[in-house]
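Only heavy atoms go into these numbers, but all of them, side chains included; no hydrogens, no water, no symmetry mates.
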Amino acid sequence: MRLLIMFIVGTVKPLCILFTDILLYQLAEWDPWGVPDDYECEVVENDAPVPKHVPLHRPGPLPEEFYKTLDAIMTGKLDAPPKKDEPVISSTSQ
């Protein structure tokens, strides 16, 4: 039984190495979409109304604080965060 297991393991390992090499070679040569470099895509705009049962997947509005912070960053008026006198975790052990 032990010899059979050793034979199987000894046979499987080189096969795994061979198949790994073949797979890596094929992945290096793989061109999944096959689109030429000079291909130009045509954009079609459709203004037809979307049926009500189809979700639009539009994000909700951002909070007002976001726009205030963005404006402060863009104008350079953003204040530095307040400095804390004490650390959150004390350095003394109990």
Task: Co-membership, hydrophobic cluster, residues Ile22 and Ile17, 4.5 Å side-chain - done: no
Open item on the list: Rounded at 0.5 Å granularity, tell me how far CE in Met74 sits from OH in Tyr67.
Closed with: 13.5 Å
TODO: Group every Ile, Leu, Val, Met, Phe, Trp and Tyr by side-chain heavy-atom contacts under 4.5 Å, then state whether Ile73 and Leu62 land in the same group.
DONE: no
Task: Leu70 CG to Glu65 CD distance, which is reported to the nearest 0.5 Å - done: 13.0 Å
